[in-house]
Amino acid sequence: METALKESYIQKVNRYMGLQREDARISKSYLFVAFVALLLGGILGLLQGLNRAGMLELPYWLNYYQVLTAHGVLLVLVLTAFFTIGYFYAGLSHTLGGLLPKVRKMAWIGFSLKIVGFVFAVIPILLNQASVLYTFYPPMAASPYFYIGLVLIVLGVWMCAFGAFINVAHWRKNNRGQNLPIFSFFATGVFVLLFFGSIPVAIEVFMIIPWAFGWVETINVMLSRTLFWAFGHTLVNIWYLTAVSAWYVIVPKVIGGRRFSDTLTRIVVILLVVMNIPGGFHHQIVDPGISQEVKFLHVFMSLSIAFPSLMTAYAMFSVFERTGRKQGGKGLLGWYKKLPWGDVRFLAPMIAMIAFIVGGAGGIVQSTNQLNQVVHNTMWIVGHFHITVGTSVILTFFGITYWLVPYISNRTLTPKINRLGVIQTFIWTVGMLFMAGSMHYVGLLGAPRRTSYTTYGESATAMGWDPFMILIAIGGVLLIVGVLLQVYAVFHLMFRAPKGKTEFPIAEREEHDTYTPYWTERWGNWIVIMLLLIAMGYVIPIVDFTINAPPGSPPIKTW
Amino acid sequence: MSKSEMIWLALSFGMLMAFMLATGYQTFALEMGPPSHGETIDPQKVDETAPFDQPGIKKIGENEYEVVMTMQIFSFNPSDIEIPAGATVHFILTSKDVTHGFQVAGTNINAMVMPGHIQKITQTFDRPGEYLVLCNEYCGAGHQLMSTTINVK
Ligand code: HEM
Ligand SMILES: [Cu+2]
Ligand SMILES: [Cu+2]
C-alpha cells in the first residue's frame, strides 16, 4: 500500500513537472539515432529483397554482403540498442524521480562511445573492408578497426548499464525495504542482461583484434563462434524483455485497465534474466565439435525461456479480458470489441503480441534437433527473426514511440498522427506477412540465407524458389513505405507536433494486489543463480574447446 | 494465482516437456541427433592429412559409399557426384579456409563445416534425380556460386 502511494506520488510530481529537460534530451538523442538507423537499414533491406528476387543488380561498387553487413549492424545493433537505452532511461528518470547528474553524464559518455564506435565500424564496411556480416565469424577477418568499433560500442553500452545500476541503487538507499517501481525493475533486468551478455563478445573481440592486426598468427574458430552466440542469443532476449516491459506496464494503462499481478510480473522478469544466457548453442545445433549432450542441455535452456513467455501470454489476455468486461463487454468474447483498436499505442503492441505467438511457436519448433537440421541457415530463419524481432519487438517499439516521443519532446499525439500510426501498423503487418511468410516457405524448400541472387547455374531447384523471392520483394516494398511513415511520425512528434503535456502511461496495480514479497528485490541472488546456470551451460564446452583445440586459423579475406 | 492460470501453466509445462522428451528420444535412443562429429584437424594441412589427402567417393559396402570431401572458397571437392538410387552415403567433410555450410536441398543434410573440425553426416538417397548441393554459410564474395550436384540414378 505504502509503495503504491509512494509510486503515485512520484508520478504526480512528474506529471506536473514533466520529465526533467536534461533527462529528456538524453532519451531524445538516443531515439533520434535509433530511427535514423531504421531509415538507413530499411533502405538497405529493400535493396536485398529486390536483389534476391533477381529484380535488381547491385552496381559493381556495392557488394550484396556489404549491404547485408550494414543492414544487420544498423538494425540489430544500433536501432535496438539505442531504442532500448532511450526508452529505459526515460522510464528510470520518470519512476525514480529523475536521473542523478553523474548518471546523466554516464549516459552521454556512453552515447559518444557508441557513436564513435559506430563510425569506426562503419567506415571499413563502406570501404568493403569488413563484409563479414554482423556475426563476423573468424577466420574471415575484417579490418581491425571494425572490431575496435565494436569494442567501443560495448563499452558505451556498459556505461549506460552502470548508470542505470547507480540510479537504482541510489533510489533503494533512499527507499529502504520498498520494491523498486515495476518499470525500473524491468530496466534493471535488461541492463543486467546487457552487461553480462556482452562480456562473451567483448572477450571474443579481444581475441580477434591482435589476430586481425597480425600480432597473433591464428585464432580458435570454434571458441570465437561460441562466444559470439553466448552474446547473440542473449541480445535477442534483451529486445524481447524490453518489449515485454511495455506489454506488462504500459499497454494496460493505454486500454484503461490495471496491471497483472505485480509479484508474477517480477517473477517473469527474474526467470527471463537468470535462464537466458546458457541457450546459445541452439544457434550451433549442426556444428561439429560440440557433443550432443551439451547441445541437448542448451535446447532445454532455450525451451525453458518459453515458460515465462507462456506465463506472459496468459497475463496479457487476462488483462484484456478483465478490462474489456469492466467496460461492458459481454459474453465469452464480447470484451475484445471494447479494446481501443483505433489507438496505435494499443494496436501496434497488440499485433506485436499476436506475432509473438507465431514467432514463439516457430522458435520452439526450430530449436528441436531434427527440425533445426531442416531449416538451419535457410531463409526460414530469416523469416523467423523478421517475425520475432522485425515484428514482435519492432512493432512494440513503434507503438511506444507514439507516447514516448511526445512525452520527451513536450508535445502531443494528434488524431492525425494516430491515424497515420494505425495505417503504418497495418502496412507493416501486411508487408511482414508477405515477406516473412514467403521467407519461411522458401526456406523449407531449401533456399539459403545470406546469399545474393543466384540460380546456381540454372539449377531447376533454385529457379523454383524465384516466385517466392518475388513475394519477398513485394513485402519489402510495403515495408519501406512503413519505414518512411514511421520515421516521419517520429520526427514529426519530436519537432513539429503541437506543444503540450503527454503522460508516461504506467498502469496501476489491481486494488486487491497490494503485497509484493521483498525477496523479489534480491538482485544479488538472481545474479549468482544466473552465473551458476551460465557456468553449467558453458564451462565444460569452453574448457573442451580450449584444451582440445585444433591448430588455429590465420586471418583470411575472401571477398 | 487463479485456477485457470494453474491449468494453463501446467499445460505449457507439459508441452515443453513433451518437446524435450521427443528431442531426447530422437537424439539418444534413435541416434538421429544432429551432426556433431568431434575429430579435429590442422586447417592449414588438410591436403597432407588422411583421409583428405585423397578426397573422392569410395564404395564401402552393398550400395554404401563414403565421400571424403573438402570445402574451400568457392567449391566442393569432389564435385558432381553420381550414386545409384537407394545408396547410403557417409559424408566426411572439412574446410580448407573459412566456415562453410553443407546443405543438400530436398534432404535433411545440413551441417556446418568449419576449419579445424571434421564433420560427418549420413544420408540414404532413395529418390532418383539431381540434387542441388550448396554452401549455406556466407563464405565470401563468391558464396552464391558455391554449389554442385549429386546425381542419383
Ligand atoms: C524495410 C524493412 C526490411 C526489409 C525489406 C528487410 C529485408 C531483409 C532481407 C531480404 C534479408 C535477408 C538477406 C539474406 O539473408 O540474404 C534481411 C536480413 C536481416 N534483417 Fe531485415 N529487412 C527489413 C527490416 C528489418 C528489421 C526491422 C530488422 C530488425 C530489427 C531486420 C533484421 C535483419 C537481420 C538481423 C538480418 C540478417 C542479417 C544477416 O544474416 O547477417 N530487418 N532483411
Ligand atoms: Cu538464440
Ligand atoms: Cu558459402
Side-chain angles (χ1 to χ4, degrees), chain A residues 63-65 68 131 133 137 139-140 221-222 225 261 264 284-292 295-296 299-300 303-304 306-307 310-311 314 318 364 368-370 372-374 376-378 445-446 448-454 456-457 459-462 548-554 556 558-559, chain B residues 1-2 4-5 8-9 12-13 16 19-20 22-24 26-28 32-45 73 97-99 101 103-106 108-120 130-132 134-145 147 149:
Chain A
N63 172 323
Y64 181 86
Y65 304 106
L68 189 55
S131 300
L133 308 189
Y137 299 138
M140 262 197 226
V221 174
M222 184 53 107
R225 186 174 159 83
S261 153
L264 287 178
Q284 295 170 263
I285 288 179
V286 299
D287 275 17
I290 307 171
S291 75
Q292 299 197 336
K295 288 179 182 176
F296 189 70
V299 169
F300 176 73
L303 285 183
S304 314
F307 189 72
L310 286 157
M311 289 174 78
Y314 181 92
S318 119
I364 293 177
T368 57
N369 291 337
Q370 280 286 300
N372 185 267
Q373 223 170 303
V374 177
H376 176 76
N377 267 359
T378 68
L445 300 181
R449 69 184 284 199
R450 306 181 140 180
T451 304
S452 65
Y453 178 69
T454 175
Y456 290 120
S459 148
T461 311
N548 301 322
S553 289
I556 311 175
T558 54
W559 67 90
Chain B
M1 226 186 260
S2 69
S4 59
E5 184 170 17
W8 169 257
L9 291 182
S12 303
F13 184 77
L16 295 175
F19 265 100
M20 279 319 288
T23 305
Q26 263 192 336
T27 306
F28 300 110
M32 285 162 65
S36 308
H37 194 66
E39 275 175 277
T40 58
I41 183 173
D42 185 338
Q44 301 191 70
K45 299 208 175 85
I73 52 165
D97 40 50
V98 296
T99 300
Q103 182 189 334
V104 182
N108 276 9
I109 297 185
N110 193 341
M112 300 305 293
V113 177
M114 300 172 57
H117 294 265
I118 298 174
Q119 181 66 297
K120 290 190 176 178
E130 190 178 86
Y131 289 78
L132 173 64
L134 57 90
C135 170
N136 71 8
E137 182 59 84
Y138 168 63
C139 54
H143 163 63
Q144 70 282 2
L145 305 173
S147 72
T149 56

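In the text below, chain A, chain B and the rest are named by the order of the sequence lines, each starting its count at 1.
Closest non-hydrogen pair, A:Ile290 versus B:Ser36, comes out as O-CB, 3.2 Å. A pairwise comparison of heavy atoms in A:Gly446 and B:Gln103 identifies O-NE2, 2.9 Å as the closest pair. Shown here for B:Gln144 and A:Tyr65, the closest heavy-atom pair between the two residues is OE1-OH, 2.8 Å. Considering every non-hydrogen atom in both B:Ile118 and A:Pro288, the closest pair reads O-CB, 4.0 Å.
To the nearest 0.5 Å, atoms CZ (A:Arg225) and OG1 (B:Thr99) are separated by 6.0 Å. In this structure, the separation between SG on B:Cys135 and OH on A:Tyr456 is 7.5 Å, given to the nearest 0.5 Å. In this structure, A:Arg450 CZ and B:His143 NE2 are separated by 8.5 Å, a value rounded to the nearest 0.5 Å. The CE atom of A:Met140 sits 9.0 Å away from the CD1 atom of B:Ile73 when rounded to the nearest 0.5 Å.
Across A:Thr378, A:Thr461, A:Asp287, the residue that shares the most heavy-atom pairs under 4.5 angstrom with chain B is A:Asp287. Options B:Met32, B:Lys45, B:His37, B:Met114 differ in how many heavy-atom pairs under 4.5 Å they form with chain A, and the most are formed by B:Met114. Put simply, of B:Thr149, B:Thr27, B:Leu132, the one with the most heavy-atom pairs under 4.5 Å next to chain A is B:Leu132. Contact count against chain B (heavy-atom pairs under 4.5 Å) is highest for A:Pro554 among A:Ser291, A:Pro554, A:Ala462.
For A:Tyr64, no part sits under 4.5 Å from any heavy atom of chain B, backbone or side chain. Proximity to chain A involves both the backbone and the side chain of B:Glu5, based on heavy atoms less than 4.5 angstrom apart. Heavy atoms of A:Phe307 lying under 4.5 Å from chain B belong to its backbone as well as its side chain. Neither the backbone nor the side chain of A:Leu68 comes within less than 4.5 Å of any heavy atom of chain B. The contact between B:Phe28 and chain A is made entirely by side chain atoms (from C-beta outward), counting heavy-atom distances below 4.5 Å. Within the 4.5 angstrom heavy-atom criterion, atoms from both the backbone and the side chain of A:Ile285 approach chain B. Residue A:Ser452 touches chain B through both its backbone and its side chain, counting heavy-atom pairs closer than 4.5 Å. Heavy atoms closer than 4.5 Å to chain B are found nowhere in A:Ser318, neither backbone nor side chain.
Annotation: side chain of A:Pro551 is in contact with side chain of B:Pro43 (closest heavy-atom distance under 4.5 Å). A:Pro139 places a side-chain heavy atom less than 4.5 Å from the side chain of B:Val98. Between B:Asn136 and A:Thr451, the closest side-chain pair of non-hydrogen atoms is not below 4.5 Å. Looking only at side-chain heavy atoms (C-beta outward), B:Tyr138 and A:Trp559 come within less than 4.5 Å of each other. By the 4.5 Å heavy-atom criterion applied to side chains, B:Pro35 and A:Gln373 are counted as neighbours.
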Run the side-chain contact (heavy atoms from CB on, under 4.5 Å) check on B:Met112 and A:Gln284 step by step: do they pass? CA-CA 8 Å; B:Met112 300 305 293; A:Gln284 295 170 263; over 6 Å; no

Under the criterion side-chain contact (heavy atoms from CB on, under 4.5 Å), I'd like the reasoning laid out for A:Asn372 against B:Asn110: C-alpha separation, chi angles, the key distance, then a yes or no. CA-CA 9 Å; A:Asn372 185 267; B:Asn110 193 341; over 6 Å; no

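One N or O on the side chain of A:Gln292 and one on the backbone of B:Pro34 form a donor-acceptor pair closer than 3.5 Å. Side chain of B:Glu130 to backbone of A:Ala460: no donor-acceptor contact under 3.5 angstrom is found. A donor-acceptor contact shorter than 3.5 Å is absent between the side chain of B:Ser12 and the backbone of A:Leu310.
No more than 12 heavy-atom neighbours from other residues, nucleotides or ligands sit within 6.0 angstrom of CZ on A:Phe300.
A:Tyr314 pairs by the side-chain hydrogen bond (donor to acceptor under 3.5 Å, both in side chains) definition with B:Ser2, B:Ser4, not counting sequence neighbours.
A donor atom on one side chain and an acceptor atom on the other are found under 3.5 Å apart for A:Asn377 and B:Glu137.
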